[in-house]
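What follows is a single structure, written as structure tokens, with notes after it.
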Amino acid sequence: MKITKDQIDSLNAGRMKRHSVQYSYCKEQCEAAGIDMDWVTNQVAAFEVAIPSWALGAGGTRFGRFQYGGEPGNLYQKIEDIGVLHALSGSAGEVSLHIPWDIPEDTDRILRHADQCGIGFNAMNSNTFQDQPGQSLSYKYGSLCHVDAGVRRLAVQHNKEVIDYGVQLGSKSLTVWLADGSNFPGQLNFRRALQNTLQSLREIYDHLPADWSMFIEYKPYEPNFYSMVIPDWGTSHFLANRLGEQAFSLVDLGHHLPNTNIEQIVATLMMTGKLGGFHFNDSKYGDDDLTVGSIKPYQLFLIFNELVYGFNHNESNNPVPAWMIDASHNVKDPLEDLLQSLHAIETAYAKALLVDQVALEDAQSKNDVVAAERVLHEAFQQDVRPILAEARKRRGAAMAPVEAFRTLDVRNQLIRERGSQQTATGL
Ligand code: RM4
Ligand code: MN
Ligand code: MN
């Protein structure tokens, strides 16, 4: 299914009167505080986040999976769904593929189709956490870290193939997330596992085209519960440093122990120029993969505050990170959930752009703790919904995407087109 410009325009037309009043009020308030609202709105309008190909269907837990109707049954339909998200939000113009969940068999056809839907290809993701049918050796005891060189070779080879697919699609990066680790003390030699991982990553790194990046994700636990080979940002940073200039750390918000100060990690990685990618989601306890901003919106704002500071003080030439939503949808319509996530990301970004950096620095230099905190609260408490609506209007998208999704009855149309039995590949 495709959403037309006329549909968007007529939905927006109905909101214009109220929007003009709200945006002018917001503009007045912000400009009184010395903020250039046009600039802020345009920054928000330019922000795009990739959608993972594995998050368009129902997410399951190990206890069960509940089907949605109209789930995309193949990569073409997944790209169509992202086209719908992009038409509605104006900020979801790229897909991030997970191989082998989504093998682009006929690359020319995929490229043509993606082009028609207005979708490009973001980071490629490899998968060495599941054995594939007919696989000669097993990843049961790890992949890039494995004690058996044959398994390591298989996993390295898989990553090289993922790069090759990505090259054909115009992607520019590979994200490596490893489930490798151990469940019991004594199971794994920590040092050897890390050395093997570094060596394997080096072989993959050597296969990267010159204009590509490699992102190394970390995660403290799950699916292994005693140790993970890359449990934290320090280990990921160490590996990225050893590999070279094209390797970076990737922060997945759900991959931290409860109460970790993620904004501080972001600040440190940007300072060293090694923040390469970002996976957005939210969590209460672990890698819950919930809607972005649903649990800890203030933390998300503080993270964006560090990102904005990092963009403005970029002595180590940190590249613009590859932004992606990495979520799973157990009880919500995946497309609505993704629209909510995009909204939450843009909200946090817009608020971070409103932070009075000069006043903050001034308060910090005087150790005026209250003043510093008030600067942050001032921005966090500002209602930025009119800015987001204006940004969407400027990029030709729906000013209220979730409402548009419902008014246009997208889910039922997808069910009519695809039926209720298809299951999307992915988590
Ligand atoms: C992992 C990690 C990876 C994602 C897989 C499916 O926990 O977040 O980024 O590719 O899940
Ligand atoms: Mn992730
Ligand atoms: Mn995860």
Side-chain angles (χ1 to χ4, degrees), residues 98-100 123-164 173-208 212-252 254-257 260 265 268-269 272-277 279 286-287 326:
H98 222 300
I99 308 288
M124 302 293 293
N125 300 266
S126 56
N127 178 342
T128 59
F129 48 88
Q130 290 173 321
D131 286 347
Q132 301 309 317
Q135 190 172 308
S136 55
L137 297 164
S138 173
Y139 295 138
K140 180 171 178 182
Y141 299 110
S143 59
L144 297 185
C145 81
H146 204 282
V147 289
D148 177 354
V151 179
R152 300 202 295 274
R153 225 173 296 125
L154 192 70
V156 166
Q157 189 49 34
H158 166 71
N159 276 275
K160 289 183 181 174
E161 279 164 20
V162 174
I163 296 172
D164 296 343
S173 48
L174 170 75
T175 296
V176 179
W177 172 69
L178 299 176
D180 295 15
S182 67
N183 262 333
F184 298 99
Q187 184 186 331
L188 204 65
N189 178 310
F190 296 137
R191 279 173 60 166
R192 220 169 298 138
L194 188 57
Q195 278 160 355
N196 283 345
T197 302
L198 175 57
Q199 181 52 36
S200 304
L201 284 172
R202 198 168 271 141
E203 287 169 38
I204 300 166
Y205 185 86
D206 288 342
H207 193 72
L208 285 180
W212 269 54
S213 304
M214 180 195 277
F215 305 139
I216 304 167
E217 209 168 334
Y218 56 90
K219 183 170 177 175
Y221 70 93
E222 198 206 20
N224 277 293
F225 294 100
Y226 171 64
S227 76
M228 293 285 276
V229 176
I230 313 179
D232 50 31
W233 73 271
T235 313
S236 152
H237 189 253
F238 155 77
L239 292 166
N241 262 337
R242 282 293 175 94
L243 291 173
E245 281 187 354
Q246 288 170 254
F248 300 88
S249 294
L250 183 146
V251 173
D252 180 314
H255 292 193
H256 302 87
L257 295 174
T260 298
I265 295 173
T268 307
L269 286 175
T272 62
K274 281 293 190 189
L275 179 64
H279 284 182
D287 193 21
D326 191 3

Answer yes or no: is there a donor N or O on one side and an acceptor on the other, between the side chain of [X] and the main chain of [Y], under 3.5 Å?
{"X": "Lys219", "Y": "Leu178", "answer": "no"}
{"X": "Ser236", "Y": "Ile216", "answer": "yes"}
{"X": "Asn127", "Y": "Pro100", "answer": "no"}
{"X": "Glu217", "Y": "Leu250", "answer": "no"}

Residue pair [X] / [Y], side-chain heavy-atom distance below 4.5 Å:
{"X": "Pro185", "Y": "Tyr226", "answer": "yes"}
{"X": "Pro223", "Y": "Met228", "answer": "yes"}
{"X": "Val147", "Y": "Asn189", "answer": "no"}
{"X": "His279", "Y": "Trp177", "answer": "no"}
{"X": "Asn224", "Y": "Leu188", "answer": "no"}
{"X": "Ile204", "Y": "Leu144", "answer": "yes"}

Give the intermediate values and the outcome of side-chain contact (heavy atoms from CB on, under 4.5 Å) for residues Val229 and Leu194.
CA-CA 6 Å; Val229 176; Leu194 188 57; 4.2 Å; yes
Using side-chain contact (heavy atoms from CB on, under 4.5 Å) as the criterion, point out the one residue from Leu239, Leu243, Asn159 that pairs with Met214.
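Checked Leu239, Leu243, Asn159 against Met214; only one passes side-chain contact (heavy atoms from CB on, under 4.5 Å): Leu243.
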Minimal non-hydrogen separation, [X] against [Y], with atom names:
{"X": "Thr268", "Y": "Trp233", "value": "CG2-CH2, 3.7 Å"}
{"X": "Asp180", "Y": "Cys145", "value": "OD2-N, 3.1 Å"}
{"X": "Ala155", "Y": "Ser143", "value": "CB-CB, 3.8 Å"}
{"X": "Tyr205", "Y": "Gly244", "value": "OH-C, 3.2 Å"}

For the pair Tyr139 and Val151, evaluate side-chain contact (heavy atoms from CB on, under 4.5 Å) and give the outcome as yes or no after the intermediate values.
CA-CA 7 Å; Tyr139 295 138; Val151 179; 3.8 Å; yes
As an exercise, state the distance from [atom1] of [X] to [atom2] of [Y], rounded to the nearest 0.5 Å.
{"X": "Leu201", "Y": "Leu174", "atom1": "CG", "atom2": "CG", "value": "9.0 Å"}
{"X": "Asn241", "Y": "His237", "atom1": "CG", "atom2": "NE2", "value": "4.5 Å"}
{"X": "Asp326", "Y": "Asp252", "atom1": "CG", "atom2": "CG", "value": "5.0 Å"}
{"X": "Ile163", "Y": "His158", "atom1": "CD1", "atom2": "NE2", "value": "10.0 Å"}

Got a sec, which residues hit ring-ring contact (aromatic ring centres under 6.0 Å, His included) with His256, two or more places apart in sequence or on another chain?
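His256 satisfies ring-ring contact (aromatic ring centres under 6.0 Å, His included) with Tyr218 only.
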Pair listing, salt bridge (charged side-chain N to carboxylate O under 4.0 Å, His left out) test, anchored in residues 225-248, at least two apart
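Sorted pair list comes back empty.
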Salt bridge (charged side-chain N to carboxylate O under 4.0 Å, His left out) partners of residues 143-162, not counting sequence neighbours, each pair once
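Output for this query is empty, none listed.
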Partners passing side-chain contact (heavy atoms from CB on, under 4.5 Å) against [X] (at least two apart in sequence or in another chain):
{"X": "Ala123", "value": "Ser96, Ser173, Thr175, Phe215"}
{"X": "Glu203", "value": "Val156, Gln199"}
{"X": "Tyr141", "value": "His146, Gln187"}

